[in-house]
Structures are given as structure tokens and as C-alpha cells.
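Note sheet for the following structure.
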Amino acid sequence: MSDCIFCKIVAGEIPAERVYENDQVVAIRDIAPVAPVHVLILPKAHYPNILALDGGEGDAALLAGVQRAVREVARKEGVETSGFRLIINCGEDGGQTVPHLHYHLLGGRTLGARLV
Ligand code: AMP
């Protein structure tokens, strides 16, 4: 999508620190990290939010790509053993500020049991 900041990052039109990439996703460092490890996993295709995926066959390649990214980013960032949190915000109440589906991978410190 032409006016989407994450589409522009995926296309290399806006700079970002890439930590991992596969055929489905790009993983970048969040510009305003809330934990020592704060990586965003961005699908290369534009989906406005998680509800744009219907769980059908068409999503299988993307979800496999996301899964590969989670494993590789966790390993590369050194949180594979210590643990991490994976978050998807959706819509206004969910706190989503960028309308391009993305997964936050957070770690590097104890995040605690409270979700909000
Ligand atoms: P959300 O609030 O779930 O939509 O998350 C959007 C995230 O994108 C926030 O954590 C922002 O700090 C991050 N963000 C926004 N612009 C950029 C950018 N240009 N590069 C890296 N991260 C960004």
C-alpha cells in the first residue's frame, strides 16, 4: 500500500535496522523499544490487521514464514532460552497504531505476568 509506513520499510524506501528476513516477512528493530529486545515482524504483503487473515490455505505460507521468523529472531537476539513475549495489537482498543499487521517480539528482561 503506497502510504503505509511498514510497506515502505519492507520496500527499503524508509530505513530500518533489519535483523532477519525470509520470503514472507521482514524483522526490524522497533524505533521506540520498550524492552532490551523489541523486534517487529512485518509480513511483506500488506494486511491491515490480524483479522485480514482468515486461517485458510492462503494464509499457510505467511504463517509458516512468521513461525520461522519467531524462531530465528529469538535465537539471534539471545532470548531463545530466557524467554520472550509475542504481541499482536489489533484496532483502537488493542493499541494498534500502524495499520499493517505486525508481531512484537519482546524480551531481554523479565516482563512479568501482567498482560496490561
Ligand atoms: P502498534 O502500536 O502495535 O501498531 O506498533 C507499532 C510499532 O511500530 C510501535 O512500537 C512503534 O514504535 C513502531 N514504529 C513506528 N514507526 C517505526 C519505524 N519507522 N521503524 C521502526 N519501528 C517503528
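For ligands, and for the atoms within them, numbers begin at 1 and follow the listed sequence.
To the nearest 0.5 Å, atoms CG (L53) and CG (L63) are separated by 6.0 Å.
In this structure, the side chain of H100 engages the main chain of P43 through a donor-acceptor pair within 3.5 Å. In terms of modelled atom types and a separation under 3.5 Å, the side chain of R18 and the main chain of Y20 share no donor-acceptor contact. Here the side chain of R85 pairs a donor or acceptor atom with the backbone of G112 at under 3.5 angstrom. D23 places no side-chain N or O within 3.5 Å of a backbone atom of G65 that could act as its donor or acceptor partner.
Looking only at protein heavy atoms, the nearest one to atom 8 (O) of ligand 1 is F6 CZ, 3.4 Å.
Close contacts of ligand 1 with H104, meaning ligand atoms under 4.0 Å from a residue heavy atom, involve 1 (P), 3 (O), 5 (O), 7 (C), 10 (O). If you number the atoms of ligand 1 from 1 as listed, the ones under 4.0 Å from a heavy atom of R29 come out as 21 (C). Those atoms of ligand 1 with a heavy atom of L40 less than 4.0 angstrom away are 8 (O), 13 (C), 22 (N). The atoms of ligand 1 that sit less than 4.0 Å from any heavy atom of H102 are 1 (P), 3 (O), 4 (O), 5 (O), 6 (C).
V25 places none of its side-chain heavy atoms less than 4.5 Å from the side chain of Y103. Side chains of I41 and H102 form no contact here, defined as non-hydrogen atoms less than 4.5 Å apart.
Checked by distance only, ligand 1 and Q96 stay at 3.5 Å or farther apart across all their nitrogen or oxygen atoms. Here's the thing with A16: none of its N/O atoms is less than 3.5 angstrom from an N/O atom of ligand 1.
In this structure, G95 counts as a contact residue of ligand 1, since one of its heavy atoms falls inside 4.0 Å of the ligand. Taking 4.0 Å as the cut-off, I9 counts as a neighbour of ligand 1 on heavy-atom distance. For D30, the closest heavy-atom approach to ligand 1 falls below 4.0 Å.
Within the set I28, T97, I31, the minimum heavy-atom distance to atom 15 (C) of ligand 1 is found for I31.
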